[in-house]
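So the structure is just underneath, and the comments pick up after that.
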2 protein chains.
Amino acid sequence: MRISEAATASGLRVDTIRYYEATGLVPKVARGSDGHRRFSPENVEWLSLLYWLRETGMPMKVMKRFAELYAAGNETIPERKAILMDHSKLLQMRRENLDRCEDVLARKLEIYEDYLT
Amino acid sequence: MRISEAATASGLRVDTIRYYEATGLVPKVARGSDGHRRFSPENVEWLSLLYWLRETGMPMKVMKRFAELYAAGNETIPERKAILMDHSKLLQMRRENLDRCEDVLARKLEIYEDYLT
DNA sequence: CCTTGACCTAGAGTAACTCGAGGCCGGTAT
DNA sequence: ATACCGGCCTCGAGTTACTCTAGGTCAAGG
């Protein structure tokens, strides 16, 4: 798979994929004889996991650590599991933030209604 | 109210408040005879609204526009209302993202369980 | 009187992209 | 045949939204 296809498949942009590879977030991407990247299905699955982690606010430092563990093999699964479970807690906090913001917006909008009527 | 108090009251950091003021996100903050900022209750309420908008991902450009409208007076309320309602839609999308990410994490964690047992 | 702490400004540094310049290569329209 | 086009490459600069540092003022406490 070429980089543009990997981009549409994962949700990341081509620039972001290159950037992630350069900073070590994507292990061992193969190259064709033309020097262009060739993404394996495993690569693409990894990229789309990164997409979701980023989309929900995981810092790159943590993604970096996660990628190193991933590259190191299956004996690192317990630590990877811990990272994902931590992130899941963060998702919970974000959800609460969304709820609170929704409240704030609702109250503000109500005040606007009062002004407009 | 001094800047540090405004910070704890709003959730923003002191540096962020100064930065927001410098870029025009906070209208007319008064100064004491010592040259230090004095935040009115209205200022503080505004800051905490900014806090929630930022926390849930509103870009500064939009916040800037919102601040200009706020400074311009009550006849801009319809446009302000539109901005907040747009943002509310964005919150909805973020919530869906959180859900989808939660799914991805759950599936990944399940796979880890299989490896570990 | 000296230091501590909260505040000030201006400017540099950081995170995470994002874009632009300049260049290679394979395919197709003239 | 050659001119051009699109997709890929690298490297380096630019952007957003902070965040921190350096250097300085001033009021209050030991």
Side-chain angles (χ1 to χ4, degrees), chain A residues 1-26 28-40 43-44 46-68 83 87 90 94 97 101, chain B residues 1-26 28-40 43-44 46-68 83 87 90 94 97 101:
Chain A
M1 224 187 213
R2 303 185 140 271
I3 196 167
S4 64
E5 302 169 288
T8 40
S10 67
L12 295 169
R13 301 190 185 180
V14 290
D15 283 337
T16 309
I17 293 177
R18 282 199 273 258
Y19 171 64
Y20 278 4
E21 195 203 354
T23 52
L25 286 184
V26 192
K28 53 185 161 37
V29 180
R31 298 286 179 128
S33 54
D34 52 2
H36 294 186
R37 291 172 184 80
R38 292 301 148 80
F39 294 85
S40 69
N43 283 152
V44 174
W46 177 250
L47 287 174
S48 85
L49 178 56
L50 290 185
Y51 170 80
W52 285 111
L53 294 178
R54 179 202 64 172
E55 200 66 11
T56 51
M58 180 179 283
M60 276 189 64
K61 260 190 190 172
V62 182
M63 287 203 263
K64 184 85 190 294
R65 177 80 188 132
F66 191 60
E68 285 162 5
I83 289 175
H87 189 62
L90 193 129
R94 286 215 191 284
N97 269 4
C101 187
Chain B
M1 225 188 211
R2 304 186 139 269
I3 197 168
S4 63
E5 301 169 288
T8 41
S10 66
L12 296 169
R13 301 190 186 180
V14 290
D15 284 336
T16 308
I17 293 177
R18 282 199 273 256
Y19 170 64
Y20 278 5
E21 196 202 354
T23 52
L25 287 184
V26 192
K28 52 184 163 40
V29 180
R31 300 284 179 130
S33 54
D34 51 3
H36 294 187
R37 290 171 184 82
R38 290 303 148 78
F39 295 85
S40 70
N43 284 150
V44 174
W46 177 251
L47 287 174
S48 85
L49 178 55
L50 291 185
Y51 169 80
W52 285 110
L53 295 178
R54 179 200 66 171
E55 200 66 9
T56 51
M58 179 179 284
M60 275 189 66
K61 258 189 191 173
V62 182
M63 287 202 264
K64 184 83 191 293
R65 178 80 188 131
F66 190 61
E68 284 161 7
I83 289 175
H87 189 62
L90 193 129
R94 285 213 191 286
N97 270 3
C101 186

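Computed from heavy atoms alone, side chains included, the values below leave out hydrogens, waters and symmetry copies. What you see is a predicted model; the values in this text were computed from it and never measured. Every chain is numbered from 1 and lettered A, B, ... according to where its sequence line falls, protein lines coming before strand lines.
- Distance from the side chain of A/R18 is smallest for D/dT10 among the nucleotides C/dC17, D/dC20, D/dT10.
- Using a distance-only test at 3.5 Å, with no hydrogens or angles considered, a donor-acceptor pair links the side chain of B/R94 to the main chain of B/T56.
- Between C/dC7 and B/R38, no contact under 4.0 Å exists linking OP1 or OP2 to a side-chain N or O.
- Between the C1' atom of D/dC18 and the NZ atom of B/K64 lies a distance of 16 Å, rounded to the nearest Å.
- The separation between B/I3 atom CD1 and D/dT19 atom P is 14 Å, rounded to whole Å.
- Between B/R2 atom CZ and D/dA27 atom P the separation is 11 Å, expressed in whole Å.
- For B/R13, counting side-chain heavy atoms from C-beta on, the closest listed nucleotide (D/dT19, C/dC8, D/dC9) is D/dT19.
- A/D34 places its CG atom 19 Å from the P atom of D/dG6, with the value rounded to the nearest Å.
- Taking atom CD of residue B/E21 and atom P of nucleotide C/dT9, one finds them 7 Å apart after rounding to whole Å.
- Going from atom CG of A/D15 over to atom P of D/dC9 covers 11 Å, rounded to whole Å.
- Sequence order on DNA chain C of the closest nucleotides to A/Y19 and B/E5 puts B/E5 first from the 5' end.
- Under 4.0 angstrom from either OP1 or OP2 of C/dC17 there lies at least one side-chain N or O belonging to A/Y20.
- Of all nucleotides listed (C/dC8, C/dC17, D/dT19), C/dC8 comes nearest to the side chain of B/R31.
- Across C/dC8, C/dC17, D/dC20, the shortest atom-to-atom separation from the side chain of B/H36 is found for C/dC8.
- Closest contact between the side chain of A/M63 and the listed nucleotides C/dC17, D/dC18, D/dC20 involves C/dC17.
- Straight-line distance from the CE atom of B/M1 to the C1' atom of C/dA6: 16 Å, rounded to whole Å.
- Taking the side chain as every heavy atom from C-beta outward, A/R2 and A/R38 approach each other to under 4.5 Å.
- Out of C/dC7, D/dT10, D/dC20, the shortest distance to the side chain of A/R37 is found at D/dT10.
- Using a 4.5 Å heavy-atom threshold, the side chains of B/K61 and B/K64 count as separate.
- Side-chain N/O atoms of B/S4 include one lying less than 4.0 angstrom from OP1 or OP2 on C/dC7.
- You'll find that the side chain of A/M60 is closest to C/dA16, out of C/dA16, D/dC18, D/dT10.
- Nucleotide C/dA16 holds its P atom 9 Å from the NZ atom of A/K61, rounded to whole Å.
- Of the side-chain N and O atoms in B/T16, one or more sit less than 4.0 angstrom from OP1 or OP2 of D/dT19.
- The pair A/R18-A/E21 does not count as a salt bridge, with every side-chain nitrogen at least 4.0 angstrom from each carboxylate oxygen.
- Proximity of a side-chain donor or acceptor of A/N43 to a complementary backbone N or O of A/S40 within less than 3.5 Å is detected.
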